[in-house]
> 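Next up is a structure, given as structure tokens.
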Amino acid sequence: MSISELVMSLELGLIYGIVGMGIYLTFRIIDFPDLTCDGSFVLGAAISSILIKAGVDPFISLIFALMGGALAGALTGILNSFFKVTDLLAGILVAFMLYSINLHVMNGTPNISLLMSPTIFITNNLVVLGGIAVVLIALFTFLLNTDIGLSLRAVGQNKRLCMNGGVSVKWMIILGVAMGNALIAMGGALFSQQQGFTDISAGVGTIISGFAAVIIGERILPFRSIWIKLLSCIVGSIVYRIVTSLALHAEFLHLKSYDFNLVAGLLIIIIMAMPGGKKRC
């Protein structure tokens, strides 16, 4: 693997590490198996790209992408909390509807090019992405240690006890899923700016990449501190990208680029099959 390929793996690892943080919030913090992420990832990318094409500052477009992802997640939470749609089905429905919404956001075109447009990546991509990751880890660590954040974490541990304690479980679920998808949309926006384009199918496999970041990170950094858990998503994502890239470049394995999904799936299975791999942190 060349230096340029290693740098690309690190960049993608940082981007999907942010996505992993969003999935960690839903799957681990509030114990909500959310499948909205494939749609919210593209929604963030679409919002960021269309705003950049309209002349909006690239950094400002990230904020709007984050807000768009939060709205998508909130809709999933509302369907589950107030319309009694099961968590898995609610996420599938919203992701299904987001396909059409994303096309509307993209003005009906399946892809948008940003090659001639300004992005946040002017000099060193790794420094920019690392700085954004640090800011997000600090922000969400602070939020999860506030009274509302502690309520969110309690909901994931024991919903019935929270209800008896006066916590509005429904609104906590909505908030938690909104926060998770906000991070996922942010990852989508960063991905589109880093790659120089947005495609309607860019969200395929987002759930696998994010989940891989979570489970690998938990094995590498098995600590209870919330900021370390968020950091572990970044570390896990980077390791996941590097390992899959190394596997694809190992000549004795005779693998092709289209074997990425196979390698990724096998890696996740191996990690989960290891002793302690199924333990919920």
> Looking at side-chain heavy atoms only, is the closest gap between Phe121 and Leu129 below 4.5 Å?
yes

> Give me the other members of the hydrophobic cluster that Leu266 sits in, counting Ile, Leu, Val, Met, Phe, Trp and Tyr linked by side-chain heavy atoms under 4.5 Å, directly or via other members.
Leu262

> Ignoring hydrogens and angles, tell me if any N or O in the side chain of Ser232 forms a donor-acceptor pair with the backbone of Lys229 under 3.5 Å.
yes

> Counting only N and O atoms by type, is there a donor-acceptor contact under 3.5 Å from the side chain of Ser237 to the main-chain atoms of Ala213?
no

> Under the criterion side-chain hydrogen bond (donor to acceptor under 3.5 Å, both in side chains), I'd like the reasoning laid out for Thr26 against Asp34: C-alpha separation, chi angles, the key distance, then a yes or no.
CA-CA 6 Å; Thr26 54; Asp34 179 35; 4.8 Å; no

> Less than 4.0 angstrom from a charged side-chain N to a carboxylate O is my criterion; do Arg241 and Glu11 meet it?
no

> Is it the case that the ring center of Phe59 lies less than 6.0 angstrom away from the ring center of Phe64?
no

> Could you pull out the closest heavy-atom pair between Leu126 and Leu10, with the gap in Å?
CD2-CB, 3.6 Å

> Taking atom CD1 of Ile52 and atom OG of Ser61, what is their separation to the nearest 0.5 Å?
4.0 Å

> Quick check: closest heavy atoms across Ser192 and Thr198, and the distance to 0.1 Å?
CB-OG1, 3.1 Å

> Supply the atom-to-atom distance Leu12 CG to Ile238 CD1, rounded to the nearest 0.5 angstrom.
10.5 Å

> Does the side chain of Lys53 come within less than 4.5 Å of Leu114's, by heavy atoms?
yes

> Compute whether any side-chain donor of one residue and acceptor of the other, for Thr109 and Asn107, lie under 3.5 angstrom apart.
no

> Answer whether the closest heavy-atom distance between the side chains of Val7 and Asn125 falls below 4.5 Å.
no

> Does one hydrophobic cluster hold both Met179 and Leu150, with members joined at side-chain heavy-atom distances below 4.5 Å?
no

> Val167 and Ser151: which non-hydrogen atoms are nearest, and at how many Å?
CG1-CB, 4.2 Å

> Please say yes or no: joined through hydrophobic side-chain contacts below 4.5 Å, possibly via intermediate residues, are Trp171 and Leu71 part of one cluster?
no

> Locate the shortest heavy-atom distance separating Gly73 from Asn181; write the atom from each residue and the value.
CA-ND2, 3.5 Å

> In a table with atom names and distances, give each donor-acceptor pair under 3.5 Å that connects a side chain of residues 82-106 to protein atoms at least two apart or in another chain.
unit_1	atom_1	unit_2	atom_2	d
Asn102	ND2	Gly39	O	3.3
Asn102	ND2	Leu98	O	3.0

> Please walk me through it: do Ser48 and Gln193 pass side-chain hydrogen bond (donor to acceptor under 3.5 Å, both in side chains)?
CA-CA 8 Å; Ser48 178; Gln193 293 193 37; 3.0 Å; yes

> Looking at side-chain heavy atoms only, is the closest gap between Phe32 and Thr76 below 4.5 Å?
yes

> Just wondering, are more than 12 heavy atoms of other shown residues or ligands nearer than 6.0 Å to CG in Asn164?
yes

> Can you list the steps and then say if Val155 with Gln157 is a side-chain contact (heavy atoms from CB on, under 4.5 Å)?
CA-CA 5 Å; Val155 165; Gln157 296 297 320; over 6 Å; no

> Indicate yes or no for a side-chain donor-acceptor contact from Arg153 to the backbone of Ile30 under 3.5 Å, with no hydrogens or angles considered.
no

> Ser40 side chain to Leu43 main-chain N or O, any donor-acceptor pair under 3.5 Å?
no

> Would you say that Leu51 contacts Ile60 through its side chain, given a criterion of any heavy-atom pair below 4.5 Å between the two side chains?
no

> Measure across Cys162 and Val169 and return the closest heavy-atom pair with its distance rounded to 0.1 Å.
CB-CG2, 4.1 Å

> In terms of hydrophobic clusters joined by side-chain contacts under 4.5 Å, are Ile220 and Leu267 together?
yes

> Between Ser81 and Ile174, which heavy-atom pair has the shortest distance, and what is it?
OG-CG1, 4.0 Å

> Does a side-chain heavy-atom distance below 4.5 Å link Thr244 with Phe260?
yes

> Give, for atom CD1 of Ile112 and atom CD1 of Ile200, the distance between the pair rounded to the nearest 0.5 Å.
9.0 Å

> If you round to the nearest 0.5 Å, how far is CE of Met186 from CE of Met21?
10.0 Å

> Does the Thr206 side chain pair with the main chain of Gly203, one donor and one acceptor, at a distance under 3.5 Å?
yes

> Group every Ile, Leu, Val, Met, Phe, Trp and Tyr by side-chain heavy-atom contacts under 4.5 Å, then state whether Ile269 and Val243 land in the same group.
no

> Could you walk me through whether Phe27 and Ile207 satisfy the side-chain contact (heavy atoms from CB on, under 4.5 Å) test, starting with their C-alpha distance in whole Å, then the side-chain angles of each, then the deciding distance to 0.1 Å, before giving a yes or no?
CA-CA 11 Å; Phe27 275 77; Ile207 181 67; 3.9 Å; yes

> Compute the ring centroids of Tyr240 and Tyr16, then answer whether they are less than 6.0 Å apart.
no

> Are the side chain of Asp259 and the backbone of Lys256 linked by a donor-acceptor contact shorter than 3.5 Å?
yes

> Is there a path from Leu175 to Leu143 through hydrophobic residues (I, L, V, M, F, W, Y) whose side chains come within less than 4.5 Å of each other?
yes

> Using modelled atom types only, decide if a donor and an acceptor are shared between the side chain of Asn145 and the backbone of Thr141 within a distance under 3.5 Å.
yes

> Would you compute the distance between atom CD1 of Ile216 and atom CD1 of Ile270 and round it to the nearest 0.5 angstrom?
10.0 Å

> To the closest 0.5 Å, what do you measure between CD1 (Ile78) and CD1 (Ile173)?
12.0 Å

> Taking the side chain as every heavy atom from C-beta outward, state whether Phe191 and Val19 have any pair of such atoms under 4.5 Å apart.
no

> Is there a side-chain contact between Phe140 and Leu25 (heavy atoms, below 4.5 Å)?
yes

